[in-house]
Every structure is written in structure tokens, then in C-alpha cells.
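Read the structure below first, then the notes.
We count ligands from 1, going down the list as the structure has it; atoms in each ligand are counted the same way. By convention here, the first residue in the shown sequence is residue 1.
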Amino acid sequence: MLTPLEKAGILVEALPYIKKFYGKTVVIKYGGHAMINSDLKQAVMTDLVLMKFVGINPVVVHGGGPEITGMLKRLGVDSRFVGGLRVTDEVTMEVVEMVLGKINKEIASLINGLGGRGVGLSGKDANLLTAVKKLGSDRQDIGFVGEVKEVNPSLLETVINEGYIPVVSPVGVGQGGQSYNINADYAASAIATALKADKLIILTDVEGILEDRNNKESLISTVKIDDISTLTERGVLQGGMIPKVECCVNAIKGGVNSTHILDGRVPHSILLEVFTDKGIGTMVVP
Ligand SMILES: Nc1ncnc2c1ncn2[C@@H]1O[C@H](COP(=O)(O)OP(=O)(O)O)[C@@H](O)[C@H]1O
Ligand SMILES: CC(=O)N[C@@H](CCC(=O)OP(=O)(O)O)C(=O)O
């Protein structure tokens with residue numbers, strides 16, 4: 001955790017950034033692996049409340065993959081993934097909705113406990129995220145996994161303008177009110193694009209994109225979207241990092257100015273990224 005003096009130092013350094021980003025929207029994807037420790041959760045929420053206080057508009061889109069897997073295990077249900085997406089039958093969908101709903105309200109309450117005004121929503125509220133069925137990587141049926149069809153940002157815009165910090169769970173709604181389980185990275189990217197956000201920040205459990213996954217010092221600080229295909233061809237990007245980078249590229253192509261993959265295990269990583277010259281993770285730029 002930062003000492004009060006360190007925080008004050010960051011605030012002084014932050015002034016030009018506060019001016020630069022005043023009134024802008026920043027979408028934060030808060031991932032399951034980055035939300036396990038309660039001190040870290042508190043630090044992330046403090047950063048969001050501070051951002052809102054100085055006139056920048058954070059929007060949280062959260063995951064909860066590890067918690068969903070944990071609850072399914074308690075119920076005796078095994079989790080299966082195809083290309084990083086959870087195979088979602090009817091019972092799994094029910095559990096996904098319940099677990100994400102609980103996490104959603106917990107995040108909103110944490111924000112409220114710190115003096116912010118958090119409001120928890122799911123993609124089903126006011127058709128915020130409409131979805132269609134998504135097939136697996138080999139075009140197989142993976143159940144009620146959704147692909148974002150459309151984002152209807154007007155509810156978000158209203159609550160943002162009223163001074164709230166929206167917290168969105170990645171459950172979409174399809175035809176006939178069917179719930180769909182949407183990967184939170186994709187939901188965050190689609191929401192950032194629809195809101196014409198200035199930044200998309202993806203918090204995860206690693207320093208950023210590493211040239212060599214076994215060497216923390218090999219962090220790639222900035223990468224242009226045209227250079228991503230070379231990283232993929234060289235096998236640098238693997239597993240869960242592939243959809244994250246894809247989401248960054250989609251958001252940039254959709255008009256978001258910059259996207260960042262940050263280590264959610266570092267206290268105040270959002271503050272350090274947005275409000276200082278240092279920039280601690282990987283920035284993906286046009
Ligand atoms: N080049 C890379 N640099 C860093 N991490 C990578 C890279 N390629 C693959 N990864 C993996 O991607 C993981 C992050 O994705 P994921 O586990 O899906 O995160 P989250 O749970 O936060 O959504 C890292 O923990 C790491 O194992
Ligand atoms: C379709 C799909 O895989 N959905 C995810 C939704 C939660 C999520 O994305 O959580 P993280 O960001 O913590 O991984 C799941 O069921 O785990």
C-alpha cells in the first residue's frame with residue numbers, strides 16, 4: 001500500500017493528467033484473478049472513487065471466473081472451457097448469473113463505503129448488452145455463451161452524468177429474454193467502444209504483455225496494433241492474453257484512444273497508470 005506521503009506525491013504529479021482527462025470516460029475491466037485479495041479490492045475501489053472525485057468517469061466491467069468455478073465445484077459441477085470460454089449449460093448459466101450478481105453488488109457496496117456512488121447493473125438492465133449465441137473455436141456448441149450484439153449505452157450515460165460509478169456484470173440478454181454468459185474482456189471492450197471511452201484498462205494477474213513469460217523484466221511497455229500480429233505469430237501471446245489483446249485492438253479500432261493491460265496485483269495500479277508519467281503495464285495504441 002502507498003503511504004499518505006507517496007499518495008500526495010502522486011496527486012501533485014497527477015494535476016496535468018486530471019486536466020487532460022477531465023470529463024472523459026475510462027472503462028476498467030476488473031478481472032477475477034485480480035479481485036481475490038480484499039486489500040487489493042479496496043485499493044482498486046479507492047482509485048475509482050478518486051477518479052470520479054476529480055471529474056473523470058470510471059465505468060467498471062467485472063469478471064469473476066475463479067469465483068464461478070469455485071461455486072460450481074461446491075455444487076459438484078465440473079467447469080469446462082473451449083478456447084478460454086466457459087461451456088455454459090442451463091445450470092451453469094444460473095450459477096454464473098448468481099455469482100456475478102453477488103460480485104456486482106459487492107463492488108458497488110465497496111465503492112459506496114468509500115464515499116463514491118456505485119450502482120450495480122447487469123447487461124440485462126435496459127438491454128445494456130444484447131447478445132447472440134457464440135460458437136466455440138471449432139464452431140462447436142458451447143451452450144449459452146454470448147457474443148455482444150449491441151450495446152445500448154444510454155442508461156450508462158445517464159447514471160454517469162448523474163454522478164454514479166456504474167458497475168456492470170457481463171451477462172447479456174438475447175431473444176426471449178435468454179441470459180447469455182459473456183467473457184468480461186469482450187463486454188468491457190464493447191462498452192468502451194459504445195461509450196467512446198478515452199481509455200480501456202484491463203486489470204489482470206500479470207505485469208502486462210511479457211516478451212518472455214518467465215521474465216518479469218521483459219515487459220513490453222507500448223505496442224502498436226499493427227505489431228500485434230507479429231507477437232501472435234512469434235508465439236509471444238498465449239492463452240488468456242490473446243482475447244485481452246484482441247479486445248484492446250477492437251477498442252482502438254472502435255475509437256478508444258488508448259488501452260492498457262495492467263497488473264491488478266499491484267496496489268493502486270490504476271492511479272499509477274492514469275496519473276503518473278511512469279505507466280506500469282502494457283499500453284496498446286493505434
Ligand atoms: N506474453 C504474455 N505475457 C503475459 N502473460 C501472458 C502472455 N501470454 C499468455 N499470458 C497469460 O495470460 C494470463 C492472463 O489471462 P487470464 O488468466 O485469462 O486473466 P484474467 O483472469 O485476469 O482474465 C497470464 O496470467 C499469463 O499466464
Ligand atoms: C463465457 C465466459 O467464459 N464467461 C466468463 C465470465 C466471467 C469472466 O469473464 O471472468 P474473468 O474476467 O474473471 O475471467 C466465465 O464464465 O468465467
Side-chain angles (χ1 to χ4, degrees), residues 28-36 40-41 44 60-73 77 79-89 91-104 107 122-123 129 131-137 142-148 168-172 179-190 201-221 223 227-228 230-248 261-266 269 281-282 284:
I28 294 112
K29 189 282 174 143
Y30 187 35
H33 286 107
M35 56 168 72
I36 280 166
L40 279 177
K41 266 191 197 168
V44 171
V60 184
V61 180
H62 65 86
E67 291 85 344
I68 297 168
T69 301
M71 180 56 83
L72 285 169
K73 201 171 170 192
V77 180
S79 292
R80 200 157 63 83
F81 292 86
V82 168
L85 300 173
R86 185 185 307 277
V87 178
T88 307
D89 62 11
V91 171
T92 305
M93 188 65 239
E94 219 177 317
V95 174
V96 166
E97 225 170 332
M98 283 162 56
V99 173
L100 291 181
K102 181 168 180 277
I103 293 174
N104 185 270
I107 297 175
S122 96
L129 290 172
V132 290
K133 185 179 169 71
K134 187 176 169 86
L135 294 175
S137 36
I142 49 172
F144 298 110
V145 172
E147 184 169 328
V148 177
V168 182
S169 80
V171 174
S179 299
Y180 281 101
N181 180 12
I182 300 173
N183 169 282
D185 294 328
Y186 291 113
S189 172
I201 295 179
I202 299 183
L203 290 181
T204 184
D205 61 350
V206 66
E207 288 76 6
I209 302 177
L210 301 173
E211 177 71 46
D212 167 6
R213 278 169 69 186
N214 298 316
N215 178 8
K216 285 190 216 170
E217 306 299 316
S218 69
L219 177 74
I220 302 175
S221 300
V223 60
D227 297 331
I228 297 286
T230 322
L231 288 181
T232 313
E233 280 156 24
R234 285 175 38 231
V236 171
L237 304 175
Q238 302 274 337
M241 194 49 81
I242 297 174
K244 288 190 198 315
V245 172
E246 197 187 318
C247 287
C248 290
I261 299 172
L262 293 192
D263 194 344
R265 301 166 306 175
V266 174
S269 54
T282 297
V284 183

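Contacts between Glu207 and ligand 1 below 4.0 angstrom, taking non-hydrogen atoms only, are absent altogether. Using a 4.0 Å cut-off between heavy atoms, Val206 contacts ligand 1 through its side chain alone, with no backbone atom that close. Only the side chain of Lys29 comes within 4.0 Å of ligand 1, counting heavy atoms alone; its backbone N, CA, C and O stay farther away.
Between Gly63 and Ala184, the shortest heavy-atom contact is CA-CB, 3.7 Å. The shortest non-hydrogen separation linking Ser169 to His62 is CB-NE2, 3.2 Å. Annotation for Pro170 and Leu129: closest pair CA-CD1, 4.3 Å, computed over non-hydrogen atoms. When all heavy atoms of Leu210 and Arg213 are compared, the closest pair comes out as CD1-O, 3.8 Å.
Atom 3 (N) of ligand 1 has as its closest protein heavy atom Leu210 N, 2.9 Å. Scanning the protein for heavy atoms near atom 20 (P) of ligand 1, the closest one is Lys244 NZ, 3.5 Å. For atom 18 (O) of ligand 1, the closest non-hydrogen atom of the protein is Gly240 CA, 3.4 Å. In terms of protein heavy-atom proximity, atom 17 (O) of ligand 1 is closest to His33 ND1, 4.1 Å.
Side-chain atoms of Glu97 and Asn181, non-hydrogen and from C-beta on, never get closer than 4.5 Å to each other. The shortest distance between side-chain heavy atoms of Val171 and Met93 falls below 4.5 Å.
Ser79 and Arg86 share a side-chain donor-acceptor pair at under 3.5 Å.
When each atom of ligand 1 is checked for a heavy atom of Asp205 under 4.0 Å away, the hits are 14 (C), 24 (C), 25 (O). Each of the following atoms of ligand 1 lies closer than 4.0 Å to a heavy atom of Thr204: 14 (C), 19 (O), 20 (P), 22 (O). In summary, the atoms of ligand 1 found under 4.0 Å from a heavy atom of Gln238, numbered by their order in the structure, are 8 (N), 9 (C), 10 (N).
Remark: ligand 1 and Val236 share an N or O pair separated by less than 3.5 Å (distance only, no angle test). Annotation: Asp185 places no N or O atom under 3.5 Å from an N or O atom of ligand 1; distance criterion only. For Gly239, no nitrogen or oxygen atom sits less than 3.5 Å from a nitrogen or oxygen atom of ligand 1, counting backbone and side chain alike.
A cation-pi arrangement, defined by a distance under 6.0 Å to the six-membered ring centre and an angle within 45 degrees of its axis, is present between Lys134 and Tyr186.
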Short N or O contacts of ligand 2 with protein, under 3.5 Å, listed by atom name?
residue	atom	partner	partner atom	Å
ligand 2	3 (O)	Arg86	N	2.9
ligand 2	4 (N)	Asn181	OD1	3.0
ligand 2	4 (N)	Asn181	ND2	3.4
ligand 2	9 (O)	Ala184	N	3.0
ligand 2	10 (O)	Gly64	N	3.0
ligand 2	10 (O)	Gly65	N	3.1
ligand 2	12 (O)	Lys29	NZ	2.6
ligand 2	13 (O)	Gly32	N	2.7
ligand 2	13 (O)	Gly64	N	3.1
ligand 2	13 (O)	Gly65	N	3.0
ligand 2	16 (O)	Arg86	NE	2.7
ligand 2	16 (O)	Asn181	ND2	2.9
ligand 2	17 (O)	Arg86	NE	3.4
ligand 2	17 (O)	Arg86	NH2	3.0

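Of the options Met241, Met35, Lys216, Arg213, the smallest heavy-atom separation from atom 26 (C) of ligand 1 is shown by Arg213.
Between Arg265 and Glu207 a salt bridge is recorded (basic side-chain N to carboxylate O distance below 4.0 Å).
Between the Ser269 side chain and the Gly264 main chain, no donor and acceptor come within less than 3.5 Å of each other. A donor-acceptor contact shorter than 3.5 Å is absent between the side chain of Lys29 and the backbone of Val60. Side-chain atoms of Thr282 do not come within 3.5 Å of backbone N or O of Gly208 as any donor-acceptor pair.
Heavy-atom neighbours of Lys41 NZ from other residues, nucleotides or ligands within 6.0 Å: above the threshold of 12.
The closest approach between Gly208 and ligand 1 falls below 4.0 Å for a heavy atom of the residue. Within the structure, ligand 1 lacks Glu211 among the residues with a heavy atom less than 4.0 angstrom away.
How far CG of Asn183 is from NZ of Lys244: 7.0 Å, rounded to the nearest 0.5 Å.
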